[in-house]
Colleague: 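Quick one: the structure is below, and I'll ask about it shortly.
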Protein chains: 2
Amino acid sequence: MYQKKEIVNKLRSSGLRPTKQRVLIAKKLFDRDKTFHFTIETLDKKINKKGSEKISLATIYNTIEAFTNAGYLKAILTSKSKSYYDTNIKSHHHFYDEGTKELTDIDYSQIKLSKVPIPPKGKKIKNLEVVIRVQK
Amino acid sequence: MYQKKEIVNKLRSSGLRPTKQRVLIAKKLFDRDKTFHFTIETLDKKINKKGSEKISLATIYNTIEAFTNAGYLKAILTSKSKSYYDTNIKSHHHFYDEGTKELTDIDYSQIKLSKVPIPPKGKKIKNLEVVIRVQK
DNA sequence: TTTCAGTTTATAATAATTCTAAACTAGAAA
DNA sequence: TTTCTAGTTTAGAATTATTATAAACTGAAA
Ligand SMILES: [Mn+2]
Ligand SMILES: [Mn+2]
Ligand SMILES: [Zn+2]
Ligand SMILES: [Zn+2]
């Protein structure tokens, strides 16, 4: 899906130097079929597993921040004191499983609204996201 | 709105001893007209302002956790690594102002959905909340 | 090749939260 | 009432999440 060349171009186009670390992290994040919802902690574990070249935690933080600013990632709404990120940057919705604490994407077209409130005076709606809490 | 007696009963009914600290915090939180959206930090500032009796930060954390478990408060979805709470425990929606970073309640009846996805197999929908991001 | 701004890294600092254990207290029981 | 004690508060330590620092490293322009 994502060849190294593509990643390099993508990074360059955002003014980010395609360093070894950034390319490796981008590959882990974007070279996959399904959306990836993660925290720095889970990503760090995936990247720094035995036998693989190490990337410092500081670089992981820096890179995720850079990717988020560049629009490659999106911060997810949670009620935890830890940041969550999403590789699906399209406006979309989520199922949130209370038991497993896992998120699943819902395509934007899967939810239709027939009534939406008028925003406060002088303010415009930028986007609208739905979280559907589910349970066994 | 909330007399001391009512607060004491409410606490007792949840198996929480109506201590001086809990009653004072409950009064600050619930004796108001509009919903209060807050963090531990903002609440601490409100409680421990000059001239008032001090309540330790640990107690504020403990009390907010106890109130949340008792169902008096709800954790709010955010993308910040800091927990937010809401005195409005009804299922409801929010406007989130990107500029001021402030939340405003939207009554549940103000949003109507004409299409909702089927939850994953074996799971049931517990609730559905909408966040509408707004900007100047 | 050389050069150097941008980047990585280990580590320190800060911020948010949770833990600990000693002192205190609400309220049941004497 | 007074006594008793489990529940609670508290200061401070510990832990966790994140950001800052500053020295070493490197991608890529020239
Ligand atoms: Mn940073
Ligand atoms: Mn705790
Ligand atoms: Zn998603
Ligand atoms: Zn609210």
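A, B, ... follow the sequence lines: proteins, then strands. Residue 1 opens every chain.
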Colleague: Which is true for A:T19 with a 4.0 Å heavy-atom rule: it touches a base, it touches only sugar-phosphate, or it touches nothing?
Modeller: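 It contacts sugar-phosphate atoms only.
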Colleague: Nearest whole angstrom, please: distance from the P of C:dT8 to the CD1 of A:I25.
Modeller: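 Computing the A:I25:CD1 to C:dT8:P distance gives 8 Å.
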Colleague: Could you list all N or O pairs between the protein and nucleotides 1-4 of chain C that sit under 3.5 Å apart?
Modeller:
none

Colleague: Expressed in angstrom and rounded to an integer, what is the separation of A:I60 atom CD1 from D:dT18 atom C1'?
Modeller: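 After rounding, the reported distance stands at 13 Å.
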Colleague: Regarding A:S83, tell me which of base, sugar-phosphate or nothing describes its non-hydrogen contacts under 4.0 Å with the strands shown.
Modeller: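 Sugar-phosphate contact only - A:S83 comes under 4.0 Å of backbone atoms but never of a base.
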Colleague: Tell me which nucleotide among D:dT10, C:dA26, D:dA28 gets nearest to the side chain of A:P18.
Modeller: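 So the side chain of A:P18 is nearest to D:dA28.
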Colleague: Roughly how many Å is it from CD1 in B:I55 to P in D:dT10, rounded to a whole number?
Modeller: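 After rounding, the gap between these two atoms is 7 Å.
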Colleague: The side chain of A:I40 lies closest to which of these nucleotides: D:dA17, D:dA28, D:dT18?
Modeller: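 Shortest atom-to-atom distance from the side chain points to D:dT18.
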Colleague: Ignoring the backbone of B:Y61, work out which of C:dA16, C:dT8, D:dT18 is nearest its side chain.
Modeller: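 The answer is C:dA16, which lies nearest to the side chain.
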Colleague: Once rounded to the nearest 0.5 Å, what's the spacing between atom NZ of A:K46 and atom CD1 of A:I25?
Modeller: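 A:K46 atom NZ to A:I25 atom CD1 measures 14.0 Å (nearest 0.5 Å).
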Colleague: Please give the remaining members of the hydrophobic cluster of A:V130, linking ILVMFWY side chains under 4.5 Å, ordered by chain and number.
Modeller: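 So far as hydrophobic clustering goes, A:V130 is joined with A:F95, A:I106, A:Y108, A:I111, A:L113, A:V116, A:I125, A:L128, A:I132, A:V134, B:F95, B:I106, B:Y108, B:I111, B:L113, B:V116, B:I125, B:L128, B:V130, B:I132, B:V134.
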Colleague: With nearest nucleotides of DNA chain C determined for B:Q21 and B:A58 from heavy-atom distances, which residue corresponds to the more 5′ nucleotide?
Modeller: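 That would be B:A58.
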Colleague: Just verifying a value: how many Å separate B:K20 NZ and B:T59 OG1, rounded to the nearest 0.5 Å?
Modeller: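 Those atoms lie 11.0 Å apart.
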Colleague: Of the candidate nucleotides D:dT8, D:dA28, C:dT8, which contains the atom at the shortest distance from the side chain of A:T59?
Modeller: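 Side chain of A:T59 sits closest to C:dT8.
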Colleague: Taking OP1 and OP2 of C:dA26, is either one under 4.0 Å from a side-chain nitrogen or oxygen of B:R12?
Modeller: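 Indeed not, no polar side-chain atom of B:R12 lies that close.
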Colleague: Taking NZ from A:K54 and P from C:dT7, how many angstroms apart are they, rounded to a whole number?
Modeller: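 Distance check: A:K54 NZ to C:dT7 P gives 24 Å.
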Colleague: Is there a donor-acceptor pair closer than 3.5 Å between any side-chain N or O of A:D107 and the backbone N or O of A:Q110?
Modeller: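 Side chain of A:D107 to backbone of A:Q110: no pair is present.
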Colleague: In this structure, how many angstroms lie between the P atom of C:dA10 and the CG atom of A:D44, rounded?
Modeller: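 After rounding, the gap between these two atoms is 11 Å.
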Colleague: Heavy atoms only, 4.0 Å cut-off, all strands: where does B:S81 land among base, sugar-phosphate and nothing?
Modeller: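 The answer is sugar-phosphate, as B:S81 gets under 4.0 Å only of primed atoms, P, OP1 or OP2.
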Colleague: Using the rule given for side chain to side chain contact (heavy atoms under 4.5 Å, CB included), can you reason through A:I64 versus A:Y72, listing the C-alpha separation, both sets of side-chain angles and the distance that settles it, and then say yes or no?
Modeller: CA-CA 9 Å; A:I64 295 312; A:Y72 305 163; over 6 Å; no
Colleague: D:dG12 C1' sits how many Å from B:N62 CG, rounded?
Modeller: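 Between C1' of D:dG12 and CG of B:N62: 14 Å.
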Colleague: Would you mind reading off the distance between B:L57 atom CG and D:dA14 atom C1', rounded to a whole angstrom?
Modeller: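 So the CG-C1' distance, B:L57 to D:dA14, works out to 15 Å.
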Colleague: Could you check how far CD1 of A:I64 sits from P of D:dA17, rounded to whole Å?
Modeller: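 The answer, rounded to whole Å, is 16 Å.
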Colleague: Measure the spacing between CG of A:L77 and OH of A:Y84 and express it to the nearest 0.5 Å.
Modeller: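 If I round to the nearest 0.5 Å, the distance is 13.0 Å.
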Colleague: Can you tell me which residue among A:K34, A:H93, A:H94 is in a side-chain hydrogen bond (donor to acceptor under 3.5 Å, both in side chains) with A:D105?
Modeller: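 The single option meeting the side-chain hydrogen bond (donor to acceptor under 3.5 Å, both in side chains) with A:D105 is A:H94.
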